[in-house]
Amino acid sequence: MNVLVIGASGHTGKRVVKLLSDSSQHLVRAMIRKASDTEEMEKLGSKPILADLEQDFSFAMNDVNAVIFAAGSGSSTGHDKTIAVDQEGAKKAVDFAKEKGIERFIMLSSIGTENPAMAPEALRPYVIAKQAADQHLAISGLNYTIVRPGGLTNEPGTGMIDISRHFTALENNMISRDDVAQVLVDSLLTKETEHKIFEIVGGSTPIEEALKSI
Ligand SMILES: NC(=O)c1ccc[n+]([C@@H]2O[C@H](COP(=O)([O-])OP(=O)(O)OC[C@H]3O[C@@H](n4cnc5c(N)ncnc54)[C@H](OP(=O)(O)O)[C@@H]3O)[C@@H](O)[C@H]2O)c1
């Protein structure tokens, strides 16, 4: 597939770009907003495209069959960016993907999005914004997968996860970004993940088996 990674310069996005470019099944286009990231994206084996979620970025989806959305405003910005990037940026990505007839849309969402009222108060605006974006995608008519990981770490991936439509109780909700990136990439070609929303944390089932079980 010809895959556009939105948020390609991020901690998870870079891992997604690398996995896609190492694979013989995909070509990868890396959406970045800083020209200074161009060289690194080229070294990772992708074709960089400069675009910003807060502007018109529909051109980034020309000649693309799939989108992986791994962008986010991060915890150091305010509520305005949560709305502009995590909510409205993601919703625009869905709308542009529809306009361009994109075949597959994989959303990196977050655990906690299922039920924002239960989230810690400081996180609530973020999970409400992510929920709005997820709902927009789920009713878009696109062939979607919504992946909701627990807390992200930079520990090396284990290739093993636990997966559920929605976990009700968890002892440990952390997961390596390596494993999240693998789930995002594997979901592209795993039929069982189409039109699905699921949560993932570090666990004991190989990723391929876990994705086929959902
Ligand atoms: N942190 C957690 O524990 C956690 C848990 C569950 C889910 N998540 C979700 O996972 C996502 C990825 O996490 P991460 O830690 O890998 O993220 P990250 O390193 O903060 O990367 C965020 C990416 O989004 C890009 N971005 C931000 N604003 C943009 C804009 N206006 N236009 C285009 N790109 C923009 C950033 O670009 P620049 O490099 O230019 O800033 C960067 O590439 C988060 O955003 C969140 O939604 C996080």
Side-chain angles (χ1 to χ4, degrees), residues 4-19 28-41 44 46 48-61 67-93 96 106-116 119-120 122-134 136-137 145-155 157 161 163 166-167 170 172-185 187 197-202:
L4 175 71
V5 181
I6 301 181
S9 58
H11 291 98
T12 310
K14 276 181 201 171
R15 289 162 164 86
V16 170
V17 169
K18 175 88 172 73
L19 286 173
V28 54
R29 186 176 294 190
M31 183 169 138
I32 48 173
R33 59 177 171 164
K34 297 190 297 266
S36 55
D37 287 324
T38 303
E39 198 181 326
E40 187 181 8
M41 290 298 125
L44 285 175
S46 71
I49 182 149
L50 267 180
D52 191 320
L53 287 166
E54 294 188 66
Q55 328 248 315
D56 181 357
F57 57 95
S58 57
F59 63 92
M61 294 197 192
V67 172
I68 296 181
F69 187 98
S73 60
S75 52
S76 57
T77 55
H79 186 52
D80 55 334
K81 293 293 175 193
T82 306
I83 296 296
V85 174
D86 302 272
Q87 181 175 304
E88 296 307 314
K91 285 169 74 173
K92 270 193 284 175
F96 292 148
I106 315 289
M107 176 71 84
L108 172 50
S109 179
S110 176
I111 221 162
T113 305
E114 182 75 15
N115 191 354
L123 274 182
R124 214 164 289 150
Y126 163 73
V127 285
I128 289 171
K130 292 295 277 180
Q131 187 188 58
D134 288 0
H136 192 71
L137 174 57
T145 301
I146 297 172
V147 180
R148 294 176 170 168
L152 306 180
T153 76
N154 290 328
E155 295 300 311
I161 59 172
I163 193 165
H166 177 52
F167 290 108
L170 275 172
N172 175 15
N173 78 354
M174 303 306 281
I175 182 165
S176 154
R177 286 183 169 90
D178 288 347
D179 291 332
V180 173
Q182 191 72 56
V183 166
L184 296 171
V185 170
S187 291
I197 303 177
F198 52 84
E199 297 176 352
I200 53 171
V201 295

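First listed ligand is number 1; within each ligand, the first listed atom is number 1.
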Please tell me if the side chains of Arg177 and Asn154 come closer than 4.5 Å, counting only heavy atoms from C-beta onward.
-> yes
In ligand 1, which numbered atoms sit nearer than 4.0 Å to a non-hydrogen atom of Lys34?
-> 38 (P), 39 (O), 40 (O), 41 (O)
Taking Arg33 for the side chain and Ala51 for the main chain, is one N or O donor matched with an acceptor at less than 3.5 Å?
-> no
Purely on distance, is any nitrogen or oxygen of Gly13 under 3.5 Å from one on ligand 1?
-> no
Gly150 touching ligand 1 at heavy-atom level, < 4.0 angstrom = yes
Is the closest side-chain donor-acceptor distance between Thr113 and Asp134 under 3.5 Å?
-> no
Below 4.0 angstrom from a heavy atom of Lys130, which ligand 1 atoms are there? Numbered from 1 as shown, please.
-> 47 (O)
When you measure from the side chain of Lys130 to the backbone N and O of Ile111, does any donor-acceptor pair fall under 3.5 Å?
-> no
Short check: is a protein heavy atom less than 4.0 Å from atom 20 (O) of ligand 1?
-> no
Among Ala60, Ala70, Gly72, which residue places a heavy atom closest to atom 26 (N) of ligand 1?
-> Gly72
Check: Asp52 and Phe57 side chains under 4.5 Å, non-hydrogen atoms = no
Return yes or no for this condition: an N or O of Tyr126 is under 3.5 Å from an N or O of ligand 1.
-> yes
